[in-house]
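Here the structure comes first, spelled out in structure tokens, and everything after it is commentary.
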Amino acid sequence: MRNYNSRKRILVTGGAGFLGSHLIDRLLDRGDEVVCVDNLFTGAKRNIEHLHSHPRLEFMRHDVTFPLYIEVDQIYNLACPASPIHYRHDPVQTTKTSVHGAINMLGLAKRLRARIFQASTSEVYGDPAIHPQPESYWGNVNPIGPRSCYDEGKRCAETLFFDYYRQHNLDIRVARIFNTYGPRMHPNDGRVVSNFIVQALKGEPITIYGEGQQTRSFCYVDDLIDGIVRFVDAEPGFAGPINLGNPSEFTIRELAQQVLDIVGEKSKLVFCPLPADDPTQRKPDIALAREKLGWEPRVKLEEGLKKTVSYFEDLLLEGE
Ligand code: NAD
Ligand code: UDP
Ligand code: UDP
């Protein structure tokens with residue numbers, strides 16, 4: 001537990017979101033002070049409600065596309081809608097959030113000489129032609145499609161981070177996060193794990209896009225937060241980019257079956273059109289994270305899904 005002398009004042013943008021709220025829990029638990037900045041576009045105060053009146057947490061409703069002048073020691077930049085439904089709702093704002101948001105947070109970090117973490121994404125690899133994806137792969141991204149606001153926005157943010165690193169000698173950390181799931185996912189944001197669990201719990205049909213043969217690798221949120229914090233706490237010298245995700249790969253049909261087994265439902269599967277530019281396979285190569293951080297995920301899909309199902313069960317009961 002950090003004491004008054006060792007504690008840091010840490011800015012988490014997107015802190016009321018799924019990943020941000022878990023990160024804040026972790027930072028507060030170890031004794032740091034946190035400023036949570038969020039415009040509540042996709043996040044919810046409910047995610048940090050349990051911290052209401054916590055003496056070391058401050059919440060600021062603010063949009064990162066506008067400048068921000070505050071004093072902190074470290075920055076975690078997570079602000080950005082992350083699910084296809086949300087980022088396609090206002091694609092221009094999505095690109096602005098990634099690009100202008102990165103510029104403002106990098107400007108802030110530069111003024112303060114603060115270490116800054118960027119939540120990048122496996123989407124920078126697009127529909128990958130190399131499998132699994134190592135950090136050295138440059139990706140296969142459509143620059144003008146419906147996913148481009150997110151993919152290219154995040155790619156441009158990476159460019160900005162590495163230019164501030166080279167040009168201004170900033171202490172940056174860039175992680176490419178692969179599909180992550182767990183409690184506090186938004187129940188209606190259309191991501192596959194939350195969709196399948198909510199559908200199964202309601203006894204509704206499970207919506208498989210395409211044939212369901214596309215693959216993803218799912219990381220439980222606690223593992224991911226461990227990786228992020230280890231990366232940011234490491235001594236300067238390694239800026240990334242680094243893949244953080246779980247290398248166990250499943251087809252979407254396998255995921256549907258696992259969810260149904262856990263929930264104990266026999267919902268039927270319905271097949272819907274595959275969205276444009278939907279990557280056919282995705283699996284992180286995490287050799288670098290193992291080597292540099294001594295990190296690898298521990299939570300198996302079944303175990304993580306059980307915890308997530310139990311979260312959604314409670315959430316649906318509350319809503320009744
Ligand atoms: P989320 O939607 O739950 O959280 C994003 C948060 O950012 C929300 O609270 C939202 O209100 C806030 N936000 C959006 N635009 C903002 C703006 N302009 N100003 C201030 N706040 C803003 O999503 P998440 O899953 O927690 O994702 C967090 C970050 O991690 C995102 O940057 C996302 O791209 C990245 N990421 C997530 C995953 C994943 O699987 N969850 C995978 C790869 C990358
Ligand atoms: N910025 C900010 N907070 C700060 C410092 C800068 O939001 O404490 C923003 C500001 O909008 C600026 C951007 O970050 O335009 C980039 O800052 P930088 O110093 O890199 O560039 P410049 O100020 O020359 O545009
Ligand atoms: N998917 C699906 N049914 C759903 C939601 C998603 O079959 O109800 C598929 C989607 O087409 C994609 C995969 O699941 O192939 C992961 O989708 P998600 O939106 O969670 O993440 P991303 O595509 O960004 O990896």
Side-chain angles (χ1 to χ4, degrees), residues 13-23 36-44 47-48 60-71 76-87 90 93-94 96-98 100-112 118-124 147 150-151 153-154 157 160 164 167-168 170 175-182 184-186 189-196 198-199 206-219 221 224 228 244-245 251-253 255-256 269 271-275 277-282:
T13 76
F18 161 50
L19 296 182
S21 62
H22 284 277
L23 175 63
C36 168
V37 162
D38 202 298
N39 69 351
L40 301 181
F41 171 47
T42 55
N47 289 336
I48 48 171
M60 278 179 76
R61 188 167 186 154
H62 172 83
D63 181 331
V64 293
T65 62
F66 295 98
L68 177 67
Y69 287 84
I70 58 171
E71 310 305 311
Y76 287 79
N77 187 35
L78 276 69
C80 187
S83 82
I85 287 188
H86 284 143
Y87 64 67
D90 187 348
Q93 173 65 12
T94 300
K96 281 187 187 169
T97 296
S98 275
H100 292 233
I103 292 173
N104 287 327
M105 292 309 107
L106 285 162
L108 177 67
K110 183 180 134 208
R111 177 173 64 78
L112 301 170
Q118 167 67 357
S120 191
T121 168
S122 54
E123 299 283 344
V124 301
R147 291 177 89 105
Y150 184 71
D151 301 9
K154 288 284 187 179
L160 284 160
Y164 271 77
Q167 197 173 328
H168 299 300
L170 214 61
R176 294 178 178 156
I177 300 169
F178 283 65
N179 298 63
T180 301
Y181 69 99
R184 301 190 203 145
M185 290 184 90
H186 196 295
D189 77 1
R191 282 189 265 191
V192 68
V193 175
S194 42
N195 262 14
F196 286 2
V198 170
Q199 288 162 348
I206 304 289
T207 53
I208 307 264
Y209 300 164
E211 299 290 311
Q213 291 310 315
Q214 69 273 38
T215 68
R216 293 293 187 274
S217 309
F218 300 100
C219 186
V221 61
L224 184 87
I228 292 180
L244 293 178
T251 66
I252 294 305
R253 278 186 86 143
L255 174 73
L269 307 181
F271 293 87
C272 312
L274 190 66
D277 297 333
D278 197 278
T280 43
Q281 52 181 5
R282 185 183 290 149

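In each ligand, atom 1 is the first atom listed, and ligand 1 is the first ligand listed.
The protein heavy atom nearest to atom 1 (P) of ligand 1 is T42 OG1, 3.8 Å. Atom 3 (N) of ligand 3 has T207 O, 2.7 Å as its closest protein atom, hydrogens excluded (heavy atom only). Atom 5 (C) of ligand 3 has Y209 CE1, 3.3 Å as its closest protein atom, hydrogens excluded (heavy atom only). The nearest heavy-atom contact from the protein to atom 20 (O) of ligand 2 is Y164 OH, 2.5 Å. Distance from atom 17 (C) of ligand 1 to its nearest protein heavy atom, with residue and atom name: N39 ND2, 3.3 Å. The nearest protein atom to atom 11 (O) of ligand 1, hydrogens excluded, is given as D38 OD1, 2.6 Å; this is a heavy-atom distance. Here the protein heavy atom with the shortest distance to atom 21 (O) of ligand 3 is N179 ND2, 3.4 Å. The protein heavy-atom contact nearest to atom 4 (C) of ligand 2 is Y69 CE2, 3.3 Å. Scanning all protein heavy atoms for the shortest distance to atom 10 (C) of ligand 3 gives D278 OD2, 3.4 Å. The protein non-hydrogen atom at the shortest distance from atom 2 (C) of ligand 2 is L68 O, 3.5 Å. Considering only non-hydrogen protein atoms, atom 40 (O) of ligand 1 sits nearest to T180 N, 2.8 Å. Looking at atom 17 (O) of ligand 3, its nearest protein heavy atom turns out to be V192 CB, 4.0 Å.
Proximity of E211 to ligand 3, defined as any heavy-atom pair under 4.0 Å, is not found for any part of the residue. At a heavy-atom distance under 4.0 Å, only side-chain atoms of K110, from C-beta outward, approach ligand 2.
With atom 12 (C) of ligand 2 as the reference point, the heavy atom nearest to it among N104, L106, L160 is part of N104. Between I48, V221, T65, L19, it is L19 that holds the heavy atom closest to atom 37 (C) of ligand 1. In the candidate list H100, M185, R191, R191 is nearest to atom 24 (P) of ligand 1, counting heavy atoms. In this structure, of G101, P67, G107, the residue bringing a heavy atom nearest to atom 6 (C) of ligand 2 is G107. Here atom 7 (O) of ligand 1 lies nearest to C80 when heavy atoms of G17, S21, C80, A157 are compared. Here the shortest heavy-atom distance to atom 29 (C) of ligand 1, taken over D90, L78, N104, belongs to L78.
Close N/O approach between A79 and ligand 1 is not found [any backbone or side-chain N/O within under 3.5 Å]. In terms of N/O distances under 3.5 Å, ligand 3 is not approached by R191. Below 3.5 Å of separation, one finds no N or O of H168 facing any N or O of ligand 2. Among the atoms of Y87, none of the N or O lies under 3.5 angstrom from an N or O of ligand 3. At a 3.5 angstrom cut-off on N or O pairs, N195 counts as close to ligand 3. The shortest N or O to N or O distance between F41 and ligand 1 is under 3.5 Å.
One N or O on the side chain of D38 and one on the backbone of A16 form a donor-acceptor pair closer than 3.5 Å. Judged by distance alone, with hydrogens and angles left aside, the side-chain atoms of D63 form no donor-acceptor pair with the main-chain N or O of N39 at under 3.5 Å. Checked by atom type and distance alone, the side chain of S83 pairs as donor or acceptor with a backbone atom of D189 at under 3.5 Å. Looking at R216, its side chain does come within 3.5 Å of a backbone N or O of P279 through a donor-acceptor pair.
Applying the 4.0 Å criterion to heavy atoms of Y150 picks out, from ligand 1, the atoms 33 (C), 34 (O), 36 (N), 44 (C). Close approach of ligand 1 to L40 is summarised as follows: ligand atoms under 4.0 Å from at least one heavy atom of the residue are 11 (O). The contact set between ligand 3 and I252, taken as ligand atoms under 4.0 Å from a residue heavy atom, comprises 7 (O), 13 (C), 14 (O). Interface atoms of ligand 1 facing K154, defined by a heavy-atom separation under 4.0 Å, are 31 (C), 32 (O), 33 (C), 34 (O).
Remark: distances from the non-hydrogen atoms of F66 to ligand 2 are all 4.0 Å or more. Heavy-atom distances between S122 and ligand 1 stay at or above 4.0 Å for every pair.
Put simply, atom 8 (O) of ligand 2 has protein non-hydrogen atoms near it, under 4.0 Å away. Counting protein heavy atoms under 4.0 angstrom from atom 15 (O) of ligand 2 gives zero. In this structure, atom 23 (O) of ligand 2 has its sub-4.0 angstrom surroundings free of protein heavy atoms.
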Worked verdict on K154 versus E123 for salt bridge (charged side-chain N to carboxylate O under 4.0 Å, His left out): CA-CA 8 Å; K154 288 284 187 179; E123 299 283 344; over 6 Å; no

